[in-house]
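Scroll down for the structure; my scribbles are underneath it.
Since the structure is predicted, the reported quantities are computational estimates derived from the model, not experimental observations.
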Amino acid sequence: MTEEQEKKVSFWLFTAWAVAVLATAGSLYFSEVQHFVPCSLCWFQRIFMYPLTLLFIVAYAKGDKGIVSYALPLVAIGGGFSLYHTILQKLPHDSTLNACGPVSCKGDYLNWFGFITIPMLALTAFIIILVALLRIRAVVKQSEQI
């Protein structure tokens, strides 16, 4: 792998780590400082986001290009929960679906600009991390062809 390719991998690993840290810090801020009680779907999203902060910093420190294979499932599943949660909040509400736990998953603590919600922020983070992982994989495949 060339030095330029190493720099690209390092950049994307750092980007993925920074996004995971920001998402983790944001979720902790909303629950611990703003006292927004997370619903069940929010907890599942956290379960898949929080470990990524550690995985990416270790991969960054070691220059581990193989992280794609073990981080991608976490990102895909966590992103799936975020997508489902966002759809649940944004589609017309079914009055028979009251809650998915002690706190309603349809609840909307945050509504920036009339459409940005907490699950949408999580989905955005998962998408950015997914793009970073796919870029790492592309650089690695490109280096193997040389």
Side-chain donor-acceptor pairs of residues 76-83 under 3.5 Å, sequence neighbours excluded:
{"residue": "S82", "atom": "OG", "partner": "Q45", "partner atom": "OE1", "Å": "2.7"}
{"residue": "S82", "atom": "OG", "partner": "G78", "partner atom": "O", "Å": "3.3"}

Identify every side-chain donor-acceptor pair in residues 122-132 under 3.5 Å, counting partners at least two apart or on other chains, and give the distances.
{"residue": "T124", "atom": "OG1", "partner": "M120", "partner atom": "O", "Å": "2.9"}

Show every donor-acceptor pair shorter than 3.5 Å between a side-chain atom in residues 24-34 and any protein atom, with sequence neighbours excluded, or say none if there are none.
{"residue": "T24", "atom": "OG1", "partner": "A20", "partner atom": "O", "Å": "2.8"}
{"residue": "S27", "atom": "OG", "partner": "T24", "partner atom": "O", "Å": "3.0"}
{"residue": "S27", "atom": "OG", "partner": "Y50", "partner atom": "OH", "Å": "2.7"}
{"residue": "Y29", "atom": "OH", "partner": "Q34", "partner atom": "NE2", "Å": "2.6"}
{"residue": "S31", "atom": "OG", "partner": "S27", "partner atom": "O", "Å": "3.2"}
{"residue": "S31", "atom": "OG", "partner": "L28", "partner atom": "O", "Å": "3.4"}
{"residue": "S31", "atom": "OG", "partner": "R46", "partner atom": "NH2", "Å": "3.1"}

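Residues V140 and R137 have side chains not in contact (no heavy-atom distance under 4.5 Å, counting atoms from C-beta outward).
The heavy-atom pair separating Q89 from T117 by the smallest distance is OE1-OG1, 3.0 Å. The two residues S69 and G66 make their nearest non-hydrogen contact at OG-O, 2.9 Å. Between P73 and V68, the shortest heavy-atom contact is CD-O, 4.4 Å. What you find for T53 and V21 is that their closest heavy atoms are CG2-N, 3.6 Å. Taking all atoms of both residues into account, the shortest heavy-atom contact from K65 to I136 is O-CG2, 4.1 Å.
One finds the CZ atom of F36 at 6.0 Å from the CD1 atom of I118 (value rounded to the nearest 0.5 Å). Taken to the nearest 0.5 Å, the CZ atom of F11 stands 10.5 Å off from the CZ atom of R135. If you take CD on Q5 and NZ on K8, they are separated by 7.0 Å, rounding to the nearest 0.5 Å.
Neither L22 nor F14 shares a network with the other; the hydrophobic side chains, linked directly or stepwise wherever heavy atoms of I, L, V, M, F, W or Y lie under 4.5 Å apart, form separate groups for each. Both V75 and V58 are part of a single hydrophobic cluster, where members link through side-chain heavy atoms under 4.5 Å apart. Cluster annotation: L54 and W12 are assigned to distinct hydrophobic clusters (Ile/Leu/Val/Met/Phe/Trp/Tyr, side-chain heavy-atom contacts under 4.5 Å, transitive). When the side chains of ILVMFWY residues are joined at heavy-atom separations under 4.5 Å, either directly or via intervening members, L52 and I47 end up in a single hydrophobic cluster. Cluster membership check: L55 shares its hydrophobic cluster with L134, using side-chain heavy-atom separations under 4.5 Å among Ile, Leu, Val, Met, Phe, Trp and Tyr.
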Legend entry - Test log, rule side-chain contact (heavy atoms from CB on, under 4.5 Å), inputs D64 and Y70: CA-CA 11 Å; D64 181 8; Y70 51 92; 2.2 Å; yes
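Using modelled atom types, no side-chain atom of Q145 and backbone atom of Q142 make a donor-acceptor pair closer than 3.5 Å.
The local environment of CZ in F44 is sparse, with at most 12 non-hydrogen atoms from other residues, nucleotides or ligands closer than 6.0 Å.
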